[in-house]
Amino acid sequence: MIELVSASRCIQCNLCVNVCPTNVFEQRDDQPPQIARQSDCQTCFICEVYCPVDALYVAPDADANVVVNESTLAETGLLGSYRANVGWGAGRQKQAQQDQSFHLLKKL
Amino acid sequence: MERNQISSASDSNSIQADVLVIGGGPAGTWAAWTAASEGAKVILVDKGYCGTTGATASAGTGIWYVAPDPTSRESAMASREALGGHLAHRDWMTRVLDRTYANVHLLSDWGYPFPVDDTGHPYRNSLQGPEYMRLMRRKIKQAGVIVLDQSPALSLLVDAEGAVAGATGIHRQTGERWQIQANAVVIATGGCAFLSKALGCNVLTGDGYLMAAEAGADFSGMEFSNAYGISPAFSTVTKTLFYNWASFTDEDGTVIPEAGSQKGRSVIAQTLLKKPVYAILDKATEEMRSIMRKAQPNFFLPFDRAGIDPFTQRFPVTLRLEGTVRGTGGIRIVDQTCATAVPGLYAAGDAATRELICGGFTGGGSHNAAWATSSGYWSGQAAALYARSLGQKALQRQVKQAGTPQANKPTIDPKAVVEAVQAEVFPYDRNYFRSQSRLVDSLGRLDSLWQEVQTTGQDTSNDPTQVVQAREAAAMVATARWMYRSAIERRETRGMHKYIDYPELDPTQQHHLISGGLDQVWVKSQPIANQTEDLKVLAGVGR
Ligand SMILES: Cc1cc2nc3c(=O)[nH]c(=O)nc-3n(C[C@H](O)[C@H](O)[C@H](O)COP(=O)(O)OP(=O)(O)OC[C@H]3O[C@@H](n4cnc5c(N)ncnc54)[C@H](O)[C@@H]3O)c2cc1C
Ligand code: SF4
Ligand code: SF4
């Protein structure tokens with residue numbers, strides 16, 4: 001589930017509020033969005049792909065709450081890792097272009 | 001963009017369009033694109049955000065893209081015929097393969113960044129979810145489609161003759177109610193996965209089925225609704241391709257005989273009924289591992305974040321219900337345009353039956369994505385032509401909400417209803433493996449639940465989250481009833497429908513099961529050659 005909206009990184013663009021499929025976030029005046037309905041989070045990681053400043057972190061656990069530490073996540077490269085993998089953001093090559101699944105399907 | 005401007009009707013909350021598309025996954029966006037390309041004024045509403053929402057946007061899909069040479073096409077068509085229990089139609093497969101091929105080339109023309117294979121040719125059999133759906137959103141906006149995000153539809157509107165004439169809904173962030181009058185409506189709301197948290201599926205609660213049924217539409221193949229996807233036990237990621245290179249074991253590493261991703265999935269289910277099952281992707285070579293990471297980065301998210309190396313470390317797995325998302329049942333379509341039994345209403349993608357191309361075996365991996373783009377294309381085109389044939393005056397029709405007006409009783413707790421439905425449809429020994437006694441038992445409780453949720457259908461609450469969740473709960477109860485009533489009537493084992501009282505395939509039951517009804521659920525059989533006539537009543541009230 002979504003566990004972090006980093007106040008230090010967030011630029012309050014509210015993209016996550018718009019794109020979340022299950023309407024987990026709530027927009028607020030002059031503050032980063034609030035995780036208002038965490039139990040509705042479907043752990044799809046999509047908000048991370050859209051956040052332009054890697055301010056969000058979705059823990060892999062579907063049901064359990066986990067405590068996360070922002071600086072550890074940043075140090076281990078997990079903040080923004082999915083956006084990087086998908087290849088969105090300036091100067092990145094889109095992952096769609098690097099998809100070599102045909103090598104695998106040949107082996108099936 | 002004059003032609004696409006929404007004009008206000010006399011009622012200030014009501015807006016008008018030629019075609020309303022409900023749902024903005026691949027099926028809905030293709031429908032919107034073709035309808036707009038035919039010159040129709042199109043509005044697309046999505047419960048979430050068109051571009052990120054639905055099974056494809058989060059998961060990504062392989063797609064049934066097959067070169068048009070006779071040998072490749074023949075083997076593509078033959079590949080799942082037996083698995084699907086010979087319920088698919090060759091003429092439909094041919095059409096879908098042709099349309100998918102053309103549509104994938106359109107995607108290429110529009111700039112989808114397909115990779116090249118080792119012979120230097122574009123490789124077009126795989127679509128990355130966020131990339132594909134962002135492109136589709138951009139294309140439909142360019143075509144002039146008005147997109148309303150975070151705006152779930154709640155009910156259809158019908159005219160005096162019962163033809164569908166629009167829909168009502170709510171903006172779930174502002175709580176504002178909307179009403180859109182339209183000459184034609186395409187339902188593209190996806191399947192129903194019962195809030196199982198299978199990847200990207202929690203927006204897929206069968207809302208479109210319920211709305212369509214209230215307007216009088218019926219279903220085909222609802223017994224083929226028990227697809228389960230493998231995921232790490234703690235995670236939502238039901239991406240299953242790579243489990244072809246897994247060993248499935250006990251906690252101590254003892255291999256579970258016959259367990260596997262494809263044919264051995266039922267062994268996993270049987271074992272999970274007794275004890276935990278673990279997996280390890282130890283059959284993937286070093287070289288394959290980096291290819292896997294590039295092919296499906298979302299597969300690796302849960303592992304990387306939980307600190308597990310899936311190639312060298314065992315992890316517990318589970319099976320999450322994907323219901324009709326990777327099942328094949330859905331709204332019955334009556335002709336090649338994807339029209340439903342109700343005038344003015346079309347169905348596309350997972351909202352519609354996919355038996356026509358995959359019979360009773362899952363359409364995941366390729367067919368479903370092909371069906372979504374093809375059925376979307378046809379339904380959008382047909383809806384635009386139908387809308388034009390009705391003309392502008394049709395927007396003056398007197399309309400009312402489809403379905404019976406509900407009593408205004410206190411709202412029951414949607415979460416409690418959802419949990420009650422899940423208790424009937426999640427367990428492997430009820431839904432993966434079906435038995436007459438358990439189906440009857442579940443249906444008894446589901447029928448009572450239906451009586452209860454009747455009061456939640458027309459929620460007058462002011463909390464939009466509550467309104468939407470109440471409607472989702474009702475749709476899930478209704479879907480489970482069509483599923484299990486149909487399952488009882490297929491007294492054999494065929495496709496994904498495994499009936500322990502009838503473990504063999506029965507050649508005399510090579511037919512479709514059509515179902516429908518709200519208070520009284522009914523099921524009829526229909527010969528496979530004939531899509532529209534000769535319905536034989538099997539259960540419930542006939543029509
Ligand atoms: C993990 C996973 C992997 C898959 N892999 C493959 C694959 O490799 N190959 C393949 O062919 N298929 C695959 N599938 C199936 C495939 O994703 C679906 O068949 C496909 O997404 C169907 O498209 P759709 O447009 O009908 O539905 P969806 O993509 O699910 O979109 C439905 C849309 O309707 C919206 N909606 C729902 N209710 C309402 C409402 N009341 N009002 C307004 N909007 C509403 C939703 O928000 C959503 O945007 C996979 C599915 C899953 C879950
Ligand atoms: S998308 Fe990122 S930057 Fe924008 S509001 Fe959300 S967290 Fe903040
Ligand atoms: S992971 Fe998905 S459901 Fe959860 S907050 Fe992010 S976008 Fe919303």
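Residue numbers begin at 1 in each chain, while the letters A, B, ... track the order of the sequences.
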_In terms of relative ring orientation, are B:Phe300 and B:Phe242 parallel, tilted or perpendicular, with 30° and 60° separating the classes?_
tilted

*In sequence, state the C-alpha distance, the side-chain angles, and the governing distance for B:Lys294 and A:Asp99, and then conclude on salt bridge (Lys or Arg N to Asp or Glu O under 4.0 Å).*
CA-CA 6 Å; B:Lys294 290 264 184 248; A:Asp99 176 356; over 6 Å; no

*At a heavy-atom separation under 4.5 Å, does B:Val237 approach chain A through its side chain, its backbone, both, or neither?*
side chain

*asked:* If we define contacts as heavy-atom pairs under 4.5 Å, which of B:Leu127, B:Thr52, B:Asn244, B:Thr53 has the most with chain A?
replied: B:Thr52

*Under 4.5 Å from a heavy atom of chain B, the part of A:Phe102 involved*: both

*asked:* When you measure from the side chain of B:Ser151 to the backbone of B:Asp149, do you find a donor-acceptor pair of N or O atoms at a distance under 3.5 Å?
replied: yes

*For the residue pair B:Arg124 and B:Tyr112, confirm or rule out a side-chain donor-acceptor distance under 3.5 Å.*
no

*For A:Val17, is it the side chain, the backbone, both or neither that has a heavy atom under 4.5 Å from a heavy atom of chain B?*
both

_Quick check for you: among A:Gln27, A:His103, A:Gln95, which has the greatest number of heavy-atom pairs under 4.5 Å with chain B?_
A:Gln95

*Tell me, for B:Arg320 versus chain A, whether the close heavy atoms (under 4.5 Å) come from the side chain, the backbone, both or neither.*
side chain

*Would you mind checking which part of A:Cys47 comes under 4.5 Å of any heavy atom in chain B, side chain (CB onward), backbone (N, CA, C, O), both or neither?*
neither

*Any idea which of B:Asp46, B:Asp117, B:Leu199 has the most non-hydrogen atom pairs under 4.5 angstrom with chain A?*
B:Asp117

*asked:* Shorter than 4.5 Å, heavy atoms on both sides: which option in B:Gly48, B:Pro113, B:Gly60, B:Pro232 has the most such pairs with chain A?
replied: B:Pro113

*Proximity breakdown for B:Gln150 and chain A, heavy-atom pairs closer than 4.5 Å*: side chain

*Which of B:Thr236, B:Asp304, B:Ile291 touches chain A most, by non-hydrogen pairs under 4.5 Å*: B:Thr236

_Contact leader toward chain B among A:Cys44, A:Ala96, A:Ala59, where contacts are heavy-atom pairs under 4.5 Å_ = A:Ala96

*Return yes when atom CD of B:Glu176 has more than 12 non-hydrogen atoms of other residues, nucleotides or ligands closer than 6.0 Å, and no otherwise.*
no

*A:Glu48, part contacting chain B, at a heavy-atom distance under 4.5 Å*: side chain

*asked:* Between A:Leu73 and chain B, with a heavy-atom cut-off of 4.5 Å, which part of the residue counts as in contact: side chain, backbone, both or neither?
replied: neither

*Could you pull out the closest heavy-atom pair between B:Leu321 and B:Ser196, with the gap in Å?*
O-OG, 2.6 Å

*Atom of B:Arg305, atom of A:Leu78 and distance for their closest heavy-atom approach*: NH2-O, 3.7 Å

*May I ask you to check whether B:Phe426 and B:Phe194 place their ring centers less than 6.0 Å from one another?*
no

*Considering non-hydrogen atoms only, spot the tightest contact between B:Leu301 and A:Ser81 and give its length.*
CD2-OG, 4.5 Å

*Please walk me through it: do B:Lys197 and B:Cys201 pass side chain to side chain contact (heavy atoms under 4.5 Å, CB included)?*
CA-CA 6 Å; B:Lys197 294 193 177 167; B:Cys201 290; over 6 Å; no

*Heavy-atom proximity to chain B below 4.5 Å, by part of A:Ile46*: side chain

*Side chain, backbone, both or neither: which part of B:Thr465 has a heavy atom under 4.5 Å from chain A?*
side chain

*If you count heavy-atom pairs under 4.5 Å between each of A:Asn23, A:Thr43, A:Thr22 and chain B, which one has the most?*
A:Asn23

*Looking only at heavy atoms, which two atoms of B:Val418 and B:Leu195 are closest? And how far apart?*
CG1-CD1, 3.7 Å

